[in-house]
J.: 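Attaching a single structure in structure tokens format; questions to follow.
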Amino acid sequence: MVALVVLLAILLVGARVVGLQVFRVLSGSMEPIYHTGSVLYVKKVDPFTIKEGQAIPFLLDADTVATHRVVGIVPDRSRTGG
């Protein structure tokens with residue numbers, strides 16, 4: 001049991017060392033791909049590389065991070081000139 005706890009601690013701390021953030025799935029909204037209680041390791045990416053179906057964390061407000069799958073991408077008309 002101690003070895004398991006140490007391994008988990010290394011994984012969580014090690015993830016931050018290599019630039020990953022760790023999030024937990026708090027509800028069943030991501031099922032069946034990610035189950036409640038699952039741990040997600042997330043790295044920063046260029047926002048323009050995100051595709052439909054990917055899971056991304058985002059801020060709901062200053063204190064709340066949510067993670068959901070992208071269901072659609074709306075073009076930013078101010079960036080495309082139209």
Side-chain angles (χ1 to χ4, degrees):
M1 184 63 135
V2 172
L4 182 62
V5 171
V6 170
L7 178 62
L8 182 59
I10 290 171
L11 289 174
L12 292 176
V13 172
R16 291 185 183 259
V17 170
V18 296
L20 298 175
Q21 290 182 284
V22 181
F23 295 97
R24 282 196 39 196
V25 177
L26 301 177
S27 73
S29 66
M30 298 283 287
E31 303 242 2
I33 304 297
Y34 304 108
H35 300 286
T36 302
S38 294
V39 176
L40 303 176
Y41 293 90
V42 179
K43 67 177 180 175
K44 288 188 178 189
V45 298
D46 179 347
F48 295 102
T49 64
I50 296 171
K51 300 194 179 349
E52 288 184 19
Q54 285 181 304
I56 61 167
F58 58 94
L59 290 173
L60 288 177
D61 58 42
D63 301 317
T64 309
V65 176
T67 303
H68 286 288
R69 282 186 291 276
V70 175
V71 295
I73 298 174
V74 178
D76 182 353
R77 299 207 186 281
S78 67
R79 294 183 64 88
T80 60

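All values below were derived from every heavy atom in this structure, side-chain atoms included, with hydrogens, water molecules and symmetry-related copies excluded.
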J.: Take L60 and V65, measure what side chain to side chain contact (heavy atoms under 4.5 Å, CB included) needs, and give me the verdict at the end.
T.: CA-CA 6 Å; L60 288 177; V65 176; over 6 Å; no

J.: Which heavy atom of G72 sits nearest a heavy atom of E52, and at what distance?
T.: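 Answer, listing the atom of G72 first, then E52: CA-OE2, 3.7 Å.
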
J.: Start with the C-alpha gap between V25 and T67, add the side-chain angles, then the distance that decides, and say whether side chain to side chain contact (heavy atoms under 4.5 Å, CB included) holds.
T.: CA-CA 7 Å; V25 177; T67 303; 5.9 Å; no

J.: Same cluster or not: I56 versus L40, using hydrophobic residues (I, L, V, M, F, W, Y) connected whenever any side-chain heavy atoms lie under 4.5 Å apart?
T.: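 Not linked; separate clusters.
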
J.: Quick check: does any side chain N or O of T36 sit under 3.5 Å from a backbone N or O of S27, one acting as donor and the other as acceptor?
T.: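 Flag set: sc T36 to bb S27 pair under 3.5 Å.
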
J.: Are R69 and I33 close enough that some pair of their side-chain heavy atoms sits under 4.5 Å apart?
T.: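 A side-chain contact under 4.5 Å exists here.
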
J.: The criterion is side-chain contact (heavy atoms from CB on, under 4.5 Å); which residues satisfy it with V22, sequence neighbours excluded?
T.: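 Partners of V22 by the side-chain contact (heavy atoms from CB on, under 4.5 Å) criterion, ordered by chain and then number, come out as L12, A15, V39, Y41.
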
J.: Please name all residues satisfying side-chain contact (heavy atoms from CB on, under 4.5 Å) with V45, sequence neighbours left out, ordered by chain then number.
T.: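 side-chain contact (heavy atoms from CB on, under 4.5 Å) check on V45 returns K43, T49, I50.
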
J.: Side-chain contact test, heavy atoms from C-beta onward, threshold under 4.5 Å: evaluate it for L20 versus V42 and give yes or no.
T.: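 When only atoms from C-beta onward are counted, V42 and L20 do not touch, as no gap falls below 4.5 Å.
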
J.: Hey, does the side chain of S38 reach the backbone of H35 with a donor-acceptor pair shorter than 3.5 angstrom?
T.: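 Indeed, once roles are kept as given, a pair shorter than 3.5 Å links the two residues.
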
J.: Any chance CZ of R24 has more than 12 other-residue heavy atoms, nucleotides or ligands included, within less than 6.0 Å?
T.: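 Atom CZ in R24 is not packed in, count stays at 12 or less.
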
